[in-house]
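Working notes, structure below.
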Amino acid sequence: TPPISPFAIRFDAEAATLSPEGPTLERRMSDLEGLFADHDAWQAAVADGDPVVYRVQSSPVPEADRELPQSITTIERGTTAGECWMTKGHQHPNHQGEIYLALHGTGGLLMFDGDRVEWLDMTPGTIGYIPPGWAHRSVNVGDEPYSFLAVYPGGAGHDYGWVLEHGMGNRIHRTGDGFALRPYSA
Ligand code: F6R
Ligand code: ZN
């Protein structure tokens, strides 16, 4: 891909939009196979309307080496057998860092390097730093949609298989008065 020319991107934090717009991705429940602990509950949710769990809207900066793309993810509020709705989660194959800026709602950033687990509370204004080599997943732990801006190296890539193989160290469950982190096997 040839480099693109400089241009302005309008970032509307209130509306959680970037313009001009690049590709928008919609992830439905059926796209999250093998990620929730309760497979039967996941399957029932797919059969029952296959809801949109999150959307990712990107600016037109290409995902190519040395470019610096951005996207805004919005995760709906919901649970599957008590587990909070979340992104699939991925590892960057060539271990590059990334930042997330929380915009709306109440979320969290779960990170796992295959050994250590880290959780960052994400409320509007929080920048979560994802160091190279840490797989990352976003979770909506609040009562409304959770949105955040991501800025990442265009050549970082997305390895979703890594998370299917290694998990994310913890699972996030809704409780009576909030949420709880539980070991992955539970
Ligand atoms: C890019 C990045 C985010 C996520 C987005 C959706 O490196 O981390 O833009 O891609 O939040 O999550 P996934 O990709 O896990 O479905
Ligand atoms: Zn990433």
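Every number for a ligand or one of its atoms is a count from 1 in the order of the listing.
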Under 4.0 Å from any heavy atom of R27, which atoms of ligand 1 are there?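 Listed by number with element, the hits are 16 (O).
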Interfacing atoms of ligand 1 (cut-off 4.0 Å, heavy-atom, V56):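 Contacts of ligand 1 toward V56, numbered from 1: 6 (C).
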For [atom], what's the nearest protein heavy-atom neighbour? Residue, atom name and distance, please.
atom	answer
atom 16 (O) of ligand 1	Y54 OH, 2.5 Å
atom 14 (O) of ligand 1	Y160 OH, 2.5 Å
atom 5 (C) of ligand 1	T73 OG1, 3.3 Å
atom 2 (C) of ligand 1	E98 OE2, 2.9 Å
atom 12 (O) of ligand 1	T87 CB, 3.5 Å
atom 10 (O) of ligand 1	H90 CE1, 3.5 Å

For ligand 1, indicate whether the residue R137 contacts it via side chain, backbone, both or neither (heavy-atom separation under 4.0 Å).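 Answer for R137: neither.
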Closest to the Zn ion (ligand 2), which N/O/S atom of E98 is it?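 Going through the N, O and S atoms of E98 one by one, OE1 ends up nearest to the Zn ion (ligand 2).
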Check H136 and report its N/O/S atom nearest to the Zn ion (ligand 2), by atom name.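 Nearest to the Zn ion (ligand 2) within H136's N, O and S set: NE2.
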Parallel, tilted or perpendicular: ring planes of Y160 versus H158, cut at 30 and 60 degrees: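 Aromatic pair Y160/H158 classed parallel.
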The Zn ion (ligand 2) reached by H90 (N, O or S, under 2.8 Å):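 Yes, H90 qualifies, because one of its backbone or side-chain N, O or S atoms lies under 2.8 Å.
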Check for a donor-acceptor pair, side chain of R137 on one end and backbone N or O of K88 on the other, with a separation under 3.5 Å.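 Such a contact is found between R137 side chain and K88 backbone.
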Does any part of the side chain of Q57, heavy atoms only, come nearer than 4.5 Å to the side chain of E21, both counted from C-beta?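 Counting from C-beta outward, E21 and Q57 do come under 4.5 Å.
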Could you grab the distance from atom CZ of F148 to atom OG of S138, nearest 0.5 Å is fine?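 That separation rounds to 3.0 Å.
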